[in-house]
Amino acid sequence: MSPEVRSDLATLSGYHSAQVEVDVRLNTNESPFTLPAGYTERLLERISELDLNRYPDREATVLRSGIAALHGVEVAEIFAANGSNEVIQSLLLAFGGPGRTTLVFEPTYALHSHISRITGTTVIEAERGDDFVLHADHLAGVAREVDPDILFLCSPNNPTGGTDGPELVEAALAATTGLVVVDEAYGQFADTTALDLRDLPDADRLVVSRTFSKTWALAGVRLGYLVADPSVVAGCFNVVLPYHLSALTQAAGECALAFNDEMDAHVAELVRQREALWSEMSGLDLELWPSRSNFILFRPTSKGGHDVWQDLVERSVLVRDCSSWDRLDDCLRVTVGTAEENARFLEALKEAL
Ligand SMILES: *Cc1c(COP(=O)(O)O)cnc(C)c1O
């Protein structure tokens with residue numbers, strides 16, 4: 001008899017996103033830009049100075065200080081980990097777990113409920129309204145009833161693209177007694193951020209998570225962080241494995257912080273590209289949702305979503321097939337790429353439709 005996994009995990013399946021060899025890869029919301037000139041040299045120099053025979057700084061103080069300076073907060077308010085997924089896992093290990101509850105509003109980022117379940121946390125799935133907009137009174141009603149240990153918002157929301165704005169964060173804090181986590185993996189693409197709400201009276205329960213994977217073009221490094229009250233940061237340090245952030249990861253993040261202006265320029269360019277792509281797509285046989293992010297959710301109206309996805313793959317363009325997800329029948333999600341990539345996508349899409 002082979003060993004069996006925990007019975008509460010038996011029906012879960014791992015994270016899946018098709019990895020197909022194509023010319024134009026617009027499926028995982030990565031940055032289409034390579035790193036700024038000078039980044040790699042700077043990183044190699046830093047790495048050559050490291051004592052790799054020694055364990056890294058457990059607290060990643062230099063990196064966390066740099067992130068704190070970026071946001072004008074204290075180093076004690078920053079926790080960093082291997083991608084914001086590990087940040088979320090640490091939060092759930094410390095503040096979720098058996099007997100505790102998270103509240104999510106679907107459709108949203110699948111990993112919030114997935115990691116909750118892996119950590120034995122009960123998940124309550126509520127719904128977003130029409131057009132995937134979350135209204136403050138609906139949120140407050142559900143949140144008051146559930147009073148979750150952790151309430152997840154996602155701004156901009158993956159995969160739908162709109163923001164969960166400040167009024168929702170305020171409503172969530174007012175209606176609950178637990179943590180309110182705002183996943184801002186795409187926060188730089190939007191014009192609102194929950195970081196502006198940190199002087200609210202209840203802000204000691206507000207957690208904002210960010211990642212180097214998307215805007216910073218460092219998905220391959222695996223680095224994310226949260227900004228929160230020092231007590232939340234201390235809770236995460238209690239549960240994370242010792243030396244979880246390698247010296248290489250810390251160095252990669254530290255060097256990236258020196259290129260903040262270049263990253264901002266890339267964000268501005270992608271916002272321009274998003275607006276151009278959206279207006280081109282709005283002329284086609286598609287239902288389209290507004291986006292404040294670096295991706296656009298759309299539904300072909302003349303043909304099945306999965307068939308369009310397949311036709312795009314045949315034209316060497318990969319987008320995300322969301323057509324089997326709840327409430328997203330026939331929907332696809334395209335990441336905003338460079339002007340050339342977007343043009344290739346549009347050409348292939350027109351043919352596919
Ligand atoms: C991509 C994404 C992340 C990033 O995860 P990393 O582990 O930092 O790469 C987190 N949240 C959302 C909503 C995302 O789409």
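The basis for the numbers below is simple: all heavy atoms, side chains too, and nothing from hydrogens, waters or symmetry mates. Order of listing sets the numbers, starting from 1, for every ligand and every atom in it.
A cation-pi arrangement, defined by a distance under 6.0 Å to the six-membered ring centre and an angle within 45 degrees of its axis, is absent between Arg210 and Tyr225.
Using a 4.0 Å heavy-atom criterion, the residues that approach ligand 1 are Gly83, Ser84, Asn85, Tyr109, Cys154, Asn158, Asp183, Ala185, Tyr186, Thr211, Ser213, Lys214, Arg222.
Aromatic ring centres of Phe79 and His244: separated by under 6.0 Å. Ring pair Trp289/Phe298: centre-to-centre distance not below 6.0 Å.
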Under 3.5 Å, which donor-acceptor pairs link side chains of residues 163-173 to any protein atom two or more places apart or in another chain?
from: Asp164; atom 1: OD1; to: Arg128; atom 2: NH1; distance (Å): 2.9
from: Asp164; atom 1: OD2; to: Arg128; atom 2: NH2; distance (Å): 3.0
from: Asp164; atom 1: OD2; to: Cys154; atom 2: N; distance (Å): 2.9

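At least one donor-acceptor pair under 3.5 Å links the side chain of Arg315 to the backbone N or O of Asp311.
For the pair Glu30 and Arg25, the salt-bridge criterion is not met [side-chain N within less than 4.0 Å of a carboxylate O].
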